[in-house]
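Down below is the structure, laid out as structure tokens.
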Number of protein chains: 2
Amino acid sequence: MKKTSLNDIAQQLGVSKTLVSLVLNGKGKEHRISEDIQKKVKKLAKELNYRPNQIAKGLRTGKTNTIGLIIADMANPFFGKLGREIEKEASLHGYRVMFCSSDEKAENSQKQIEMLQQGQVDGIIISPPEGSEEQILSLEASKTPYVLVDRYFADIDSNYVVVDNFQAAYEGTKHMINNDIRKIACVTTSARLVNMIQRLEGYKKALTDSNIPVLEERIKVMPFSHEKNDVFYAIKELLSAKDRVEAILFTTSKIGVMGLESIHSLGMQVPSDVRVVSFDDPDAYKISFPPISAIAQPLKEIGRESVKILLENIKNKEHKKQKVILNTRFIERKSSSK
Amino acid sequence: MKKTSLNDIAQQLGVSKTLVSLVLNGKGKEHRISEDIQKKVKKLAKELNYRPNQIAKGLRTGKTNTIGLIIADMANPFFGKLGREIEKEASLHGYRVMFCSSDEKAENSQKQIEMLQQGQVDGIIISPPEGSEEQILSLEASKTPYVLVDRYFADIDSNYVVVDNFQAAYEGTKHMINNDIRKIACVTTSARLVNMIQRLEGYKKALTDSNIPVLEERIKVMPFSHEKNDVFYAIKELLSAKDRVEAILFTTSKIGVMGLESIHSLGMQVPSDVRVVSFDDPDAYKISFPPISAIAQPLKEIGRESVKILLENIKNKEHKKQKVILNTRFIERKSSSK
DNA sequence: CTTCTTAGTTAAATCGGTTTAGCTAAAATA
DNA sequence: TATTTTAGCTAAACCGATTTAACTAAGAAG
């Protein structure tokens with residue numbers, strides 16, 4: 001049972017494939033194809049279960065109705081949920097999504113961008129890893145429509161959709177300070193990505209605004225590609241120092257989850273031994289006992305906005321750059337107060 | 001800066017595009033193209049940063065080097081991780097992955113299959129929702145290479161990769177019985193999917209093997225598409241009955257997470273008020289306090305096997321059907337013993 | 001000196017659609 | 001009646017690669 005092509009239909013009806021194409025694309029009226037023939041074509045197409053070959057269509061029209069998505073890791077609930085929202089929104093507009101996990105490695109995103117650019121997608125949504133500036137510039141140069149999410153590069157004029165990371169971290173930290181906690185650590189990562197820099201800045205500003213000194217030994221920056229062990233030792237240091245911290249701000253849920261595991265395995269309890277606030281809001285934080293106070297990102301909106309902007313750029317390649325900064329939502333749970 | 005095509009290279013060198021194509025596909029020797037010209041072609045291709053248009057290539061060769069993946073929901077960590085493993089394995093073989101979330105709805109997977117079949121992918125890995133038998137039969141009829149994961153249909157001879165759900169549920173239940181727990185409930189879903197049936201059967205068999213009566217009121221089957229509320233009321237019933245259960249087996253992590261939230265919001269504690277064992281092993285279970293005993297599925301292997309089988313079927317469409325049943329791993333944590 | 005090899009190269013078909021430009025016959029207008 | 005318009009349809013180019021089936025010129029063999 002071979003797939004039926006335009007030609008099959010055309011031949012069986014003794015008409016040209018041009019006609020069949022026009023009719024099936026709803027341009028029958030416009031090209032004054034007689035009602036009679038239009039009916040016949042549609043009927044036979046249905047009977048033969050005709051599905052246009054998107055590859056052929058794509059070759060001619062230069063459109064694939066597919067968007068590429070490059071994120072760090074779709075197994076990470078933050079990116080998984082974001083990916084899902086992007087998929088949903090794209091699907092509403094007739095687009096499919098090709099997912100790529102970069103593992104935050106510029107060499108991976110490099111390959112993925114190249115792959116996606118080989119005529120496979122109409123545009124790209126990317127959460128650019130550290131050191132991928134060149135890649136973004138090359139997207140720009142090749143006029144590939146793209147939107148950055150989660151982070152951006154200050155010196156590159158791009159479309160992007162991010163959250164107000166400074167404000168988010170500021171609020172999270174302030175919340176603990178307002179609960180009479182003053183010895184607050186921050187465990188973070190990738191010191192060079194703008195979103196992480198802003199989170200750290202927000203943390204610092206909240207401290208200084210309350211006249212609390214910012215101590216370098218209370219800021220633990222995990223290596224580029226961090227493992228459970230890295231986090232464990234950081235936590236251990238923070239919690240075993242003479243001047244032990246009372247609380248920790250985690251700047252990603254990946255670190256947060258590892259951090260909580262570490263806290264537990266050190267035999268400590270939240271919040272009695274140490275208070276916790278974390279960026280992102282994975283399910284884990286809701287069912288954890290106690291539940292973890294979280295800085296939730298508006299994933300639905302991020303997804304919706306990024307797709308919207310991308311599609312606008314696909315339609316009109318000269319569209320002016322759009323920069324969207326969304327607000328986070330602080331969710332107070334039991335983990336962050338004495 | 002337009003993309004360079006084969007023709008561009010050919011014209012600039014004054015040779016035919018046939019030659020260029022042959023050289024760049026490593027068939028230069030075979031077709032005795034002179035070393036001299038080969039070098040020139042390769043050099044210019046590199047200079048112009050030539051990338052073959054995969055759409056054009058796909059049209060001609062009928063191969064896309066893309067596989068389609070249809071899962072319930074990539075935001076669900078179980079499927080997210082599985083998806084990631086599939087992506088990894090596919091990528092090792094030069095394949096990309098198009099992700100689709102069906103939300104366990106047959107109408108969605110129907111559309112997604114149709115979409116993927118329009119010449120977009122070389123094969124499909126699908127976790128078929130309830131009621132999608134027809135769709136699988138049509139995949140079969142159209143000779144589309146496909147592999148089922150997580151579940152299968154008993155009356156359809158398909159490739160599939162699943163785990164031994166009966167044994168897994170049996171072990172999980174038995175573990176609690178061995179800890180002197182006898183009043184064990186099971187909260188499950190989708191009573192018609194084979195994997196869920198087997199999980200329920202495993203639970204029942206473990207009880208009867210220990211001479212514990214199987215009570216219908218201790219088996220809560222969540223509706224097809226369940227929400228937090230559904231689980232909440234089920235849990236409430238189980239824990240407020242006169243003959244209150246001492247433990248619960250959750251047959252998916254989605255239900256498990258909702259269940260744990262419910263337990264907490266009822267003011268109950270694990271394991272003192274109720275013991276818990278759950279299928280799957282999301283991060284949430286590791287950082288939950290107490291950590292949750294889990295029936296972990298070998299996601300890496302499932303991903304690897306399903307891709308392997310799919311690629312074999314893409315290479316050879318007459319390949320005989322392969323059925324792989326993998327073992328789960330029971331991870332004892334603090335949630336399941338008194 | 002002709003014929004056969006062989007090395008080196010290419011024209012053209014093909015994949016399955018979309019789109020442009022134009023054709024034919026009948027109807028309308030001059 | 002001659003010309004223009006219009007309705008209805010189609011041939012052929014095109015997208016950018018792969019692949020088949022030659023074709024040419026030079027050297028080898030007879």
Side-chain angles (χ1 to χ4, degrees), chain A residues 2-42 44-45 48-66 115 117-122 142, chain B residues 2-42 44-45 48-66 115 117-122 142:
Chain A
K2 221 184 94 254
K3 281 205 64 179
T4 43
S5 75
L6 260 195
N7 242 325
D8 297 338
I9 299 183
Q11 282 181 12
Q12 286 194 40
L13 290 176
V15 297
S16 71
K17 60 177 182 174
T18 304
L19 186 148
V20 179
S21 169
L22 291 173
V23 170
L24 296 181
N25 283 302
K27 298 185 182 162
K29 189 136 265 165
E30 179 185 336
H31 285 258
R32 350 168 246 236
I33 311 292
S34 66
E35 280 302 326
D36 193 41
I37 294 212
Q38 289 211 40
K39 261 185 207 133
K40 276 190 198 158
V41 169
K42 286 178 187 163
L44 186 58
L48 296 180
N49 193 31
Y50 170 71
R51 306 278 161 214
N53 179 323
Q54 295 296 329
I55 294 284
K57 188 170 186 160
L59 179 58
R60 177 66 230 242
T61 62
K63 286 220 43 188
T64 58
N65 284 292
T66 303
M115 183 254 312
Q117 279 190 313
Q118 303 181 14
Q120 307 255 43
V121 301
D122 296 338
S142 65
Chain B
K2 221 186 92 252
K3 281 205 62 178
T4 42
S5 74
L6 260 196
N7 241 326
D8 297 337
I9 299 182
Q11 282 181 12
Q12 286 194 40
L13 289 177
V15 298
S16 71
K17 58 177 182 175
T18 306
L19 185 149
V20 179
S21 170
L22 291 174
V23 169
L24 296 180
N25 284 301
K27 298 185 184 162
K29 190 136 265 163
E30 181 184 334
H31 285 257
R32 359 167 238 235
I33 312 291
S34 65
E35 279 302 325
D36 194 40
I37 293 211
Q38 291 211 37
K39 262 186 207 133
K40 277 190 199 158
V41 169
K42 287 178 186 162
L44 187 57
L48 297 180
N49 194 31
Y50 170 70
R51 307 277 162 215
N53 179 323
Q54 295 297 326
I55 294 283
K57 188 170 184 160
L59 178 58
R60 178 67 232 245
T61 61
K63 283 218 47 188
T64 59
N65 284 291
T66 303
M115 184 259 303
Q117 278 191 313
Q118 301 180 17
Q120 307 255 46
V121 301
D122 296 339
S142 65

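Protein chains get the first letters and strands the later ones, always in sequence-line order, with residue 1 at the start of each. Just so it is clear, the structure is predicted and the values come from calculations on it, not from any experiment.
From A:N53, atom CG reaches atom CG of B:L59 across 6.5 Å, with rounding to the nearest 0.5 Å. Note that CE of A:M115 is 10.5 Å distant from CG of B:N65, once rounded to the nearest 0.5 Å. Here the NZ-CG distance, from B:K29 to B:L22, works out to 14.5 Å after rounding to the nearest 0.5 Å. Summarising the geometry, atom CG belonging to A:D8 is positioned 11.0 Å from atom NZ belonging to A:K17; distances are rounded to the nearest 0.5 Å. Atom CG of A:L48 and atom CD1 of A:I9 lie 6.0 Å apart (nearest 0.5 Å).
For A:N53, no side-chain nitrogen or oxygen approaches OP1 or OP2 of C:dC15 to under 4.0 Å. At the phosphate of C:dG17, neither OP1 nor OP2 sits under 4.0 Å from any side-chain N or O atom of A:N7. A close approach under 4.0 Å does occur between a side-chain nitrogen or oxygen of B:Y50 and OP1 or OP2 of D:dA17.
Take A:E30 and apply the salt bridge (charged side-chain N to carboxylate O under 4.0 Å, His left out) test, not counting sequence neighbours, and it matches no residue. In this structure A:Q38 satisfies the side chain to side chain donor-acceptor pair (under 3.5 Å) test with no other residue, sequence neighbours excluded. The side-chain contact (heavy atoms from CB on, under 4.5 Å) test applied to A:R51 returns A:K3, A:N49, B:E114, B:Q118, not counting sequence neighbours.
Note on A:I37: only backbone sugar-phosphate atoms sit closer than 4.0 angstrom, heavy atoms only; bases stay farther off. Residue-level contact check: A:K27 touches the backbone only, with heavy atoms under 4.0 Å from sugar-phosphate atoms and none from bases. The residue B:T18 sits close to a base: some heavy atom pair falls under 4.0 Å. At a threshold of 4.0 angstrom between heavy atoms, the contacts of A:S34 are confined to the sugar-phosphate backbone, with no base atom among them.
At a non-hydrogen distance threshold of 4.0 Å, B:G14, B:V15, B:S16 from residues 8-17 of chain B come into contact with DNA chain C. For the contact set between residues 57-66 of chain B and DNA chain C, defined by any heavy atom under 4.0 Å, the members are B:L59, B:R60.
Within a 6.0 Å sphere centred on NZ of A:K63, heavy atoms belonging to other residues, nucleotides or ligands number more than 12.
If you take CD of A:E30 and P of C:dT20, they are 11 Å apart, rounded to a whole angstrom. Here the P atom of nucleotide D:dT19 and the CG atom of B:L22 are 9 Å apart, to the nearest Å. With rounding to whole Å, A:R51 atom CZ is found 17 Å from C:dG16 atom P. Summarising the geometry, the separation between CD1 on A:I55 and P on D:dA17 is reported as 14 Å, rounded to the nearest angstrom. Protein atom NZ of A:K29 is 13 Å distant from nucleotide atom P of D:dA7, rounded to whole Å. Here the C1' atom of nucleotide D:dT10 and the NE2 atom of A:H31 are 12 Å apart, to the nearest Å. Remark: C1' of C:dT18 and CD of A:Q54 are 13 Å apart, rounded to the nearest angstrom. Rounded to an integer number of Å, the gap from CD1 of B:I33 to C1' of D:dC23 is 14 Å.
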* **Derivation of the side chain to side chain contact (heavy atoms under 4.5 Å, CB included) call for A:I55 and B:T64** => CA-CA 9 Å; A:I55 294 284; B:T64 59; 3.9 Å; yes

* Kindly indicate, with the supporting measurements, whether the criterion side chain to side chain contact (heavy atoms under 4.5 Å, CB included) is fulfilled by A:V23 and A:I37. => CA-CA 9 Å; A:V23 170; A:I37 294 212; 5.6 Å; no

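Considering only the side chain of B:R32, C:dT6 comes nearest among D:dT10, C:dG16, C:dT6.
The closest side-chain donor-acceptor pair between B:Q117 and B:S142 falls under 3.5 angstrom.
An end-to-end axis angle of 70° holds for the helix from C:dC1-D:dG30 to C:dA30-D:dT1, taken from five base pairs per end and rounded to 10°.
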